[in-house]
Asker: 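Below is one structure. I have some questions about it.
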Amino acid sequence: MEPGIALTLIILLPFVGSLCAAFLPSNARNAEAWLAGLVALGCAALTLAQYDQVADGVVLRVAVPWLPQAGLDFSLRMDGFAWLFALLVSFMGGLVVIYARYYLSPQDPVPRFFAFLLAFMGSMLGIVLSGNLIQLVVFWELTSFSSFMLIAYWYHRLDARQGARMALTVTASGGFCLLAGVIMLGTIAGSYDLERVLVAGATVRAHPWYPATLVLILLGALSKSAQFPFQFWLPHAMAAPTPVSAYLHSATMVKAGVFLLARLWPVLAGTDLWFWLVCGAGLASLLLGAVAALFERDMKGVLAYSTISHLGLITLLLGMNSPLALVAAIFHMMNHATFKATLFMAAGIVDHEAGTRDLRRLNGLASTMPITATVATVAAAAMAGVPLLNGFLSKEMFFAEAIFAGEGPLLRIGLPAVATLAGIFSVAYSLRLVHQVFFGPLAPDLPRTPREPARWMLAPGVLLVLACLLVGILPARTIGPGLALAVRSILGADTPPYSLVIWHGLTLPVVMSITALAGGVGLYLLRYFYGQRATGRSPVRAPLDGRRVFDILIVVLHRVAERMVRFASSRRQQSQLFLIVCAALVVGALPLLTGGLTPGPVPLAPIDPVYLLLWLAGCSCAVGAAMQAKFHRLAALIMLGGAGLFTGLTFAWFSAPDLALTQISVEVVTLVLLLLGLRWLPRRVELDDPDRSAPGARLRRARDLVVAVVIGSGLAALSFAVLTRTPLDRLARFYVEHALPDGGGRNVVNVILVDFRGFDTFGEITVVAIVALTVYALLRRFRPAPESIGIPRAQREGSPKGGLHGFDPQAQLPAGDLMIPAVLVRLLLPMAGLVAIYLLLRGHNAPGGGFVGGLVMATALVTQYMVGGAMWVEWRMRVHPQYWVALGLVAAGGAGMLAWVAGAPFLANTGTDVTVPLLGEVHLASVLLFDVGVYLVVVGATALMLVALAHQSFRSPRAT
Amino acid sequence: MEAFLAIAIGILSGSGIWLLLRPRTFQVIVGLALLSYAVNLFIFGTGRLRSGQAPIIAADSPVVVAGVADPVPQALVLTAIVIGFATTALLLVVLLAARGVTGTDHVDGREPQ
């Protein structure tokens, strides 16, 4: 297989698998496990198949342009190091899937688990194989996210939710720093491409930005790998199901941090700053983790702290600026993954079978579950660094490096001493874990009777322990080639000679190992006989409890945010609106300071006295509406309609027939809408109003009046300046010239709407549809104010035979006072429908179109309701406005897709002119279908909103 | 004519702004409607004022760009009118619902002390 395809498949398979897993039934444990297992196996096989090429030193690459303008490609790259890690991730994934199949109980919803596990696997492989730094950060954040979802898998548990939130907050904030660091790194190196960054090491280290870049990248890497001072999230992440802990929080995700440090080692390492920062964090984590592990009472807690400690060891090695230490670090990454995953699996088995993970309650399980005990003991021995196991080898290399890394007496003696001390602790907690759980007399009061688990639940652990043994005994034959590949891909020609053998002779590291083993056993015995068996809290953890600091920080952050919000904003909308209006005034006035408002040279149009009369009426209406809107709502509404009418006639006057038609029909439906709303507003009488003459209110009104006058006169001046300046007609020219030849229509406005800017119109009718549905949804839960619920006074005192609920379904006409209008309105409906369709069809060549037609039709429908009452109308016809909206959107979208049939882009015009009797020439085209869609949406949405509001009147009889 | 239209825009927007700053929800709705008239007229005005020159191309005579009104502002305003209606409806319903929940039609959601 082509390597490019293989690389792409390695990334794609897990994500595709994740999607499939999400849609399987919730109890399909076996199907999920098969799917996930096969995906993992596939990735592992694909990775293995690349071995020959990678072993020849070829760097496999595949790149797809992503944002070429920004120099970003989606690029995958596999060298030896990436190969080794990809193999680890996919292989471990397979084992964890098998384990998880037996670990999860039948009640657990498995699709969510496996979907996120596979998504994690894909993201982790993405980190490992990224050939581009930005892309690496994207995958990095994806792992944080899937880790969050997996820790919170049992989201009914408080500790799971808290642990997940903490892990996400810490690692995602780290990821954010990493992004900043990577952008700086890319800027210094001149490219985000890993290949080019890796060769720019000297430039980067000499750059003045180097310290800042380094600190930011370290913040990302250290928080991900749970290193000091961010180590606190990892123990809380243990609320995750154990397979997740085994996979994410020991073998792979927490390795992403150290992976990145090793990946960028040729670029960033080699300076004193690197040495102090990385070694400092590593050393602190190494010791703190080891001590805390000795005192923890939860099995998984012990493992979490030991993970922090071992990752600290790896970080320390990476910080030493020595190629041999890098070899040891990579070696230990692999070894740690094998034995720690095994131990987690064993802890999960113990939890599963005995019902508890508490070290104080567990004892003597070896008698009932011997295989689990053996597996765990061997893995713990590997963790302690017992000879003939893989942990011993990397620990020896660590001791050797600790001796040679430092300069000066403090480091020369201090570093080996601390390393030995950490070794002692490591032996002690490993011993404690195994001894307390598996040896001694069987604990009598366990929640469940322990026994060996299902064979397949044990299999992954057994396999990993065998790997520990094999690597421990025959290192050069097993891990040797892979390790060599990885090291060579990072160090290239600088690869130091090293030998993977068990016995180097009686050297200082061997002495340190023996000291650590003996000291560890001694320490454990001391603690066993003199201390309590487990206190649950380490003496060094209390003052350095990261969790407390984290909680305090979060609380402080919330308080500060609250203060800021209280300071910077108001809960009172009236003052907010005032600020917004003032801000708009300032922003609008600023450019006028430089540009001025002088009128232009366009000759003024002659004044027409008829228009002047219209103008007078319109302006009076506007002012009247403004004055009456508080106490005389109906009058204000009528005057609002007057102002709207003036607007519409102005459009008609100045050559915009389409606008005039639309404005006038919208005016009708708006008025009906507001009339319907009036019913639900409280009574307001001018003389009753107490705060009318309060000095504060007077002041506010004066202030608002000034603002309104200033904005009004400003806009008037601005309008006059615009109206008299010479227009730029480039756009107009284009549309007028191209409307007929390209759009096939003579009404340029309509051609723009349905053809040139069809996509905008499509978006707009979608918005209208969404608004209509929102109105409908809001009104379903509408709770009117108590005093509005009764039948309105006018209806109560008005005609006794009328009313909404006393109707006779058989009557030819609705009962009520409006008998003649009722007859006329029934006759009007077909006529109005005809006019609406006429307007719709002629729209492309003459004033009209879908918007106007739809509004006319909606008005006719609403008139039926107004005169007949909702019950009488709906007894005779069901309008189903939702269907109109849906059909309209389908028609408009379908018209757009018709263009695809003709091989043109979405919404391109296709069709011909047809002459229809009586109508004349009709442009039968996809744009007509599109306009029909607009029409249907407008009819449906308008009717839906108005009818939903009208239906609220049924609430009152029902409520009383 | 230009001056009259400019003054009309000023009066419409001034009335709208005044109502926008008032305390009662109905006033705000009416204010927004007036303001949208003003804005629509302004945008329409950027195409300049012409009478009897609708942007409709005659069937048989050649296209004269200078002979018709600018269609671009008209297309912009046409959809703005319809969207304006939809958002007015949404605002009305939200305010009615708020009145049901808070028991007041003050825009702040509570009566002033």
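Side-chain atoms are counted along with the backbone in the values below, which use heavy atoms only and exclude waters and symmetry mates. Letters A, B, ... mirror the listed sequences (proteins, then strands); counts begin at 1.
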Asker: Tell me, please, which residues at least two apart from B/F44 pass ring-ring contact (aromatic ring centres under 6.0 Å, His included).
Answerer: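 With neighbours one apart ignored, the set is A/F651.
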Asker: Against chain B, label A/P603 side chain, backbone, both or neither, depending on which of its atoms sit under 4.5 Å from a heavy atom there.
Answerer: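 Contact with chain B: backbone only.
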Asker: Answer with side chain, backbone, both or neither: which region of A/P847 has an atom nearer than 4.5 Å to a non-hydrogen atom of chain B?
Answerer: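 Both the backbone and the side chain of A/P847 come within 4.5 Å of chain B.
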Asker: Name the option with the most non-hydrogen atom pairs under 4.5 Å to chain A; the candidates are B/T87, B/V72, B/T102.
Answerer: B/V72
Asker: Between CG of A/L723 and CG of B/L49, what distance do you get to the nearest 0.5 Å?
Answerer: 5.0 Å
Asker: May I ask you to name which of A/V749, A/V771, A/T942 has the most heavy-atom pairs under 4.5 Å with chain B?
Answerer: A/V749
Asker: Output the distance between atom CG (A/D704) and atom CG (B/L19), rounded to the nearest 0.5 Å.
Answerer: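 Interatomic distance, A/D704 CG to B/L19 CG, rounded to 0.5 Å: 10.5 Å.
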Asker: Taking all non-hydrogen atoms of both residues, which atom of B/Q74 and which atom of A/L659 are closest, and how far apart?
Answerer: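 Shortest heavy-atom separation between B/Q74 and A/L659 comes out as O-CD2, 3.3 Å.
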Asker: Hey, which of B/S36, B/A69, B/S13, B/G84 has the most heavy atom pairs under 4.5 Å with chain A?
Answerer: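 Going by pairs under 4.5 Å, I would pick B/S13.
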Asker: Using heavy-atom distances under 4.5 Å, tell me whether B/V68 contacts chain A through its side chain, its backbone, both, or neither.
Answerer: side chain
Asker: Which one, A/R725, A/Q576, A/R571, leads in non-hydrogen pairs under 4.5 Å with chain B?
Answerer: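 Between A/R725, A/Q576, A/R571, the count favours A/R725.
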Asker: B/L78 and side chain to side chain contact (heavy atoms under 4.5 Å, CB included): which single residue from A/T761, A/T662, A/V852 fits?
Answerer: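 Going through the options one by one, the only one that passes is A/T662.
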Asker: Using a 4.5 angstrom heavy-atom cutoff, name the option from B/V77, B/T79, B/V30 with the most pairs to chain A.
Answerer: B/T79
Asker: For B/I57 and A/A739, which heavy atoms make the closest approach, and how far apart are they?
Answerer: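 Answer, listing the atom of B/I57 first, then A/A739: CD1-CB, 4.0 Å.
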Asker: Looking at B/G109, is its backbone amide N or carbonyl O close enough to the side chain of A/R572 to form a donor-acceptor pair, meaning the two atoms are under 3.5 Å apart?
Answerer: no
Asker: Is it the side chain or the backbone of B/L34 that comes within 4.5 Å of chain A heavy atoms, both, or neither?
Answerer: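 Interface part for B/L34: both.
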Asker: What option among A/S575, A/G648, A/P682, A/G644 has the most heavy-atom pairs under 4.5 Å with chain B?
Answerer: A/P682
Asker: Would you please test A/T724 and B/R48 for side chain to side chain contact (heavy atoms under 4.5 Å, CB included) and show each step?
Answerer: CA-CA 8 Å; A/T724 52; B/R48 308 301 182 271; over 6 Å; no
Asker: Using non-hydrogen atoms only, which part of A/D608 is less than 4.5 Å away from chain B: side chain, backbone, both, or neither?
Answerer: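 Both backbone and side chain.
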Asker: With a 4.5 angstrom heavy-atom cut-off, which part of A/V669 approaches chain B: side chain, backbone, both or neither?
Answerer: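 Both parts, backbone and side chain.
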Asker: Heavy-atom pairs under 4.5 Å with chain B: which of A/L753, A/L946, A/L637 has the most?
Answerer: A/L753
Asker: Where does A/F646 contact chain B at under 4.5 Å (heavy atoms): side chain, backbone, both or neither?
Answerer: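 A/F646 touches chain B through side-chain heavy atoms alone.
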Asker: Against chain A, work out which of B/G100, B/G47, B/A33 has the most heavy-atom pairs shorter than 4.5 Å and name it.
Answerer: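 Highest number of heavy-atom pairs under 4.5 Å: B/G100.
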Asker: Given a strict heavy-atom distance threshold of 4.5 Å, which part of B/A58 is in contact with chain A: side chain, backbone, both, or neither?
Answerer: backbone
Asker: Quick check on A/L678 against chain B: is it the side chain, the backbone, both or neither that has a heavy atom closer than 4.5 Å?
Answerer: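 Contact with chain B: side chain only.
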Asker: Locate the shortest heavy-atom distance separating A/P657 from B/A54; write the atom from each residue and the value.
Answerer: CD-CB, 3.6 Å
Asker: If you count heavy-atom pairs under 4.5 Å with chain B, which of A/N747, A/L673, A/L715 comes out on top?
Answerer: A/L673
Asker: Who passes ring-ring contact (aromatic ring centres under 6.0 Å, His included) against A/Y611, sequence neighbours left out?
Answerer: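 With neighbours one apart ignored, the set is A/W653, A/F654.
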Asker: Would you call A/V736 and B/P71 a side-chain contact if the rule is heavy atoms closer than 4.5 Å?
Answerer: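 Sidechains of B/P71 and A/V736: in contact.
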Asker: Which atoms of B/F4 are under 4.5 Å from chain A, going by heavy atoms: the side chain, the backbone, both sets, or neither?
Answerer: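 Both parts, backbone and side chain.
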Asker: Side chain, backbone, both or neither: which part of A/Y735 has a heavy atom under 4.5 Å from chain B?
Answerer: side chain
Asker: Is A/L949 close to chain B through its backbone or its side chain, or both, or neither, when contacts mean heavy atoms under 4.5 Å?
Answerer: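 Side chain only.
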Asker: With no hydrogens and no angle check, is any side-chain donor or acceptor of A/S719 less than 3.5 Å from a backbone partner on B/A6?
Answerer: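 Not confirmed, A/S719 side chain does not pair with B/A6 backbone.
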Asker: Can you tell which part of A/F578 gets under 4.5 Å to a heavy atom of chain B, answering side chain, backbone, both or neither?
Answerer: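 Backbone plus side chain of A/F578, per the 4.5 Å heavy-atom cut-off to chain B.
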Asker: Let's test your reading of the structure: which of A/A656, A/G696, A/A846 forms the most heavy-atom pairs below 4.5 Å with chain B?
Answerer: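 Most heavy-atom pairs within the cutoff with chain B belong to A/A656.
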Asker: Is it true that a side-chain atom of B/R22 and a backbone atom of A/R701 form a donor plus acceptor pair closer than 3.5 Å?
Answerer: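 No, B/R22 side chain to A/R701 backbone: no donor-acceptor pair under 3.5 Å.
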Asker: Which bit of A/L612 is near chain B, if near means a heavy-atom gap under 4.5 Å: side chain, backbone, both or neither?
Answerer: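 Just the side chain, heavy atoms under 4.5 Å.
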Asker: At what distance, to the nearest 0.5 angstrom, does CG of B/L92 lie from CG of A/L676?
Answerer: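 Going from the CG atom of B/L92 to the CG atom of A/L676 covers 8.5 Å.
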Asker: Treating B/R99 as the side-chain partner and A/W680 as the backbone partner, does any N or O pair qualify as donor plus acceptor under 3.5 Å?
Answerer: yes
Asker: Over all heavy atoms of both residues, which pair between B/L12 and A/A643 is shortest? Give the atoms and the distance, please.
Answerer: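 Scanning both residues completely, I find the closest heavy atoms to be CD2-CB, 4.1 Å.
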Asker: Looking only at non-hydrogen atoms, find the nearest pair between A/A626 and B/S15 and report the distance.
Answerer: CB-CB, 3.8 Å
Asker: Could you tell me which portion of A/V775 (side chain, backbone, both or neither) has an atom closer than 4.5 angstrom to a non-hydrogen atom of chain B?
Answerer: both
Asker: Working to the nearest 0.5 angstrom, can you tell me the gap between B/L41 CG and A/T647 OG1?
Answerer: 5.0 Å
Asker: What part of A/A941 gets within 4.5 angstrom of chain B, counting heavy atoms only: side chain, backbone, both, or neither?
Answerer: neither
Asker: Determine, step by step, whether A/N845 and B/I56 satisfy the side chain to side chain contact (heavy atoms under 4.5 Å, CB included) criterion, reporting the C-alpha distance in whole Å, the side-chain angles of both residues, the deciding distance to 0.1 Å, and the verdict.
Answerer: CA-CA 7 Å; A/N845 291 323; B/I56 292 168; over 6 Å; no
Asker: Got a donor-acceptor contact below 3.5 angstrom from the A/Q574 side chain to the B/H106 backbone?
Answerer: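 No, A/Q574 side chain to B/H106 backbone: no donor-acceptor pair under 3.5 Å.
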Asker: Need one label for B/I81: side chain, backbone, both or neither, based on atoms under 4.5 Å from any heavy atom in chain A.
Answerer: both
Asker: Report the distance from atom CG of B/N40 to atom CD of A/Q663, rounding to the nearest 0.5 Å.
Answerer: 6.5 Å
Asker: Go through B/F85 and A/V768 one step at a time and tell me if the side chain to side chain contact (heavy atoms under 4.5 Å, CB included) criterion holds.
Answerer: CA-CA 9 Å; B/F85 162 67; A/V768 171; over 6 Å; no
Asker: Of the backbone (N, CA, C, O) and the side chain (C-beta and beyond), which part of B/T25 lies under 4.5 Å from a heavy atom of chain A, both, or neither?
Answerer: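 Side chain only.
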Asker: Let me know if A/R703 has heavy atoms under 4.5 Å from chain B in its side chain, its backbone, both or neither.
Answerer: neither
Asker: What part of B/I29 is in contact with chain A, defined as an atom under 4.5 angstrom from a non-hydrogen atom: side chain, backbone, both or neither?
Answerer: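 The side chain, not the backbone.
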Asker: First locate atom CG of A/L674, then atom OG1 of B/T88, and finally report the distance between them rounded to the nearest 0.5 Å.
Answerer: 7.5 Å
Asker: So which atom in A/Q573 and which in B/D108 form the shortest heavy-atom distance, rounded to 0.1 Å?
Answerer: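 Heavy atoms only, the tightest pair is N-OD1, 2.8 Å.
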Asker: I'd like to know which of B/A97, B/G16, B/P23 tops the heavy-atom pair count under 4.5 Å against chain A.
Answerer: B/P23
Asker: Using non-hydrogen atoms only, which part of A/V623 is less than 4.5 Å away from chain B: side chain, backbone, both, or neither?
Answerer: both
